[in-house]
Amino acid sequence: MPDKNIGRPKDTYIPLYIFDIVGLYYARGCFAPRFCFCIFKLEVLSISAKEYTINEQIRASQIRVVDNDGEQLGIMTVKDALKLAYDKGFDLVEIAPAAKPPVCRIMDYGKYRFESEKKEKESRKKQVVIETKEVKLTCRIGQHDLDTKLNHAKRFLTDGNKVKFTIVFSGREMHHTDIGYEVMKKITESCADFGQPDKQPSLDGRYMTMIVSPKQKDPKESKESKEQKEKATENK
């Protein structure tokens, strides 16, 4: 069987484990054998989005070498390039394997990986994840309970999340769906300062739904609120 790991970097080897598990289980007063064959295929990938072939993993016979400061060192053998990189205390990294000959750069690969992972983490923090929160109620809901539900919905909208309002009808309430539309109208009017419905309420079987999206914040207003928060923290 050919080795699938040939040509792969060491940190992306695929370990293949085959387990033959023989178990016994008790069924109605007697033991019966149960055979379970499980094959697990694991591929170990690093955190970095892009992996490079480095040092002794480079397969090409001749390469074009770029120094750590960007200077072109010309074409040489991998052995000579590795000696040059190791003498400087750096790694030899294949940055353009498709080129002829492949282009390799002398660099501190560990530092490069650390900085790349740091940038990825920072970019993930800046990503805005919008969730859809659901608020369930009935058409017979009282004003006090409705106000409580609306306060929750307003908080969700303020946090930048969508809110899905669902009215559940049961029994004879299906003959009075107009009450549900009235409740949805109250919700729309109450949440007008926080969000707007994506579309009119829709009835599907026993469920009437309406999705409200948060209002887009004005960049000037958000900047002013940021400055106010910073001033408040400084005063503290």
Side-chain angles (χ1 to χ4, degrees), residues 25 27-28 36 38-51 115-236:
Y25 68 96
R28 294 188 180 180
C36 179
C38 303
I39 299 175
F40 297 93
K41 188 177 180 181
L42 304 175
E43 186 165 0
V44 182
L45 297 175
S46 70
I47 300 170
S48 179
K50 190 172 183 180
E51 287 293 337
E115 289 175 353
S116 299
E117 289 166 12
K118 192 177 177 182
K119 285 178 183 176
E120 284 178 11
K121 285 179 183 177
E122 287 174 358
S123 64
R124 283 195 212 106
K125 285 179 183 177
K126 291 177 183 177
Q127 288 177 354
V128 179
V129 180
I130 298 174
E131 296 180 9
T132 301
K133 306 285 187 178
E134 186 171 18
V135 176
K136 282 189 175 182
L137 53 154
T138 65
C139 63
R140 294 179 289 101
I141 190 168
Q143 189 60 44
H144 177 72
D145 292 335
L146 181 61
D147 291 338
T148 305
K149 299 268 187 183
L150 286 171
N151 288 335
H152 292 317
K154 288 171 185 177
R155 191 176 72 249
F156 296 146
L157 292 167
T158 305
D159 292 340
N161 298 311
K162 290 188 175 186
V163 179
K164 180 182 179 182
F165 292 95
T166 305
I167 296 177
V168 184
F169 296 94
S170 59
R172 294 182 180 179
E173 291 175 355
M174 284 299 299
H175 300 292
H176 303 283
T177 54
D178 55 317
I179 299 173
Y181 285 107
E182 287 176 10
V183 174
M184 287 297 191
K185 188 179 178 182
K186 285 181 184 179
I187 291 169
T188 305
E189 291 171 355
S190 181
C191 295
D193 294 335
F194 299 88
Q196 293 178 341
D198 290 351
K199 58 181 181 179
Q200 293 300 316
S202 60
L203 184 65
D204 184 11
R206 297 191 304 111
Y207 302 95
M208 182 181 289
T209 57
M210 180 178 69
I211 296 175
V212 178
S213 296
K215 277 192 172 181
Q216 295 294 330
K217 292 181 180 178
D218 189 1
K220 289 182 180 178
E221 288 181 5
S222 59
K223 197 175 181 181
E224 285 175 4
S225 61
K226 268 189 179 180
E227 289 175 357
Q228 286 174 1
K229 284 181 181 178
E230 287 174 2
K231 285 179 182 178
T233 51
E234 283 175 6
N235 293 331
K236 285 179 181 179

Listed by chain and number, what are the side-chain hydrogen bond (donor to acceptor under 3.5 Å, both in side chains) partners of S202, not counting sequence neighbours?
->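 With sequence neighbours excluded, S202 shows a side-chain hydrogen bond (donor to acceptor under 3.5 Å, both in side chains) to T209, given in chain and number order.
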Side chains of residues 170-184: which donor-acceptor pairs under 3.5 Å do they make with residues two or more places apart or in other chains?
| unit_1 | atom_1 | unit_2 | atom_2 | d |
| --- | --- | --- | --- | --- |
| E173 | OE1 | S170 | N | 3.0 |
| E173 | OE2 | R140 | NE | 2.3 |
| E173 | OE2 | R140 | NH2 | 3.3 |

When you compare the side chain of [Y] with that of [X], does any pair of heavy atoms fall below 4.5 Å?
{"X": "I187", "Y": "L137", "answer": "yes"}
{"X": "L203", "Y": "F169", "answer": "yes"}
{"X": "I167", "Y": "Y207", "answer": "no"}

Show me, pair by pair, the donor-acceptor contacts under 3.5 angstrom made by side chains of residues 146-154, not counting sequence neighbours?
| unit_1 | atom_1 | unit_2 | atom_2 | d |
| --- | --- | --- | --- | --- |
| D147 | OD1 | Q143 | NE2 | 3.0 |
| T148 | OG1 | H144 | O | 3.0 |
| K149 | NZ | K136 | O | 2.8 |
| N151 | ND2 | D147 | O | 3.2 |
| H152 | ND1 | R155 | NH1 | 3.2 |
| K154 | NZ | S190 | OG | 3.3 |

What pair of heavy atoms forms the shortest contact from G195 to V212, and how long is it?
->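 Closest approach of G195 to V212, heavy atoms only: C-CG1, 3.7 Å.
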Rounded distance (nearest 0.5 Å) linking atom NZ of K215 with atom CG of L157 =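 Taking NZ in K215 and CG in L157, the distance rounds to 11.0 Å.
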Report the residues that fulfil salt bridge (charged side-chain N to carboxylate O under 4.0 Å, His left out) with [X], sequence neighbours left out, ordered by chain and then residue number.
{"X": "K133", "answer": "E131"}
{"X": "D198", "answer": "K162"}
{"X": "E189", "answer": "none"}

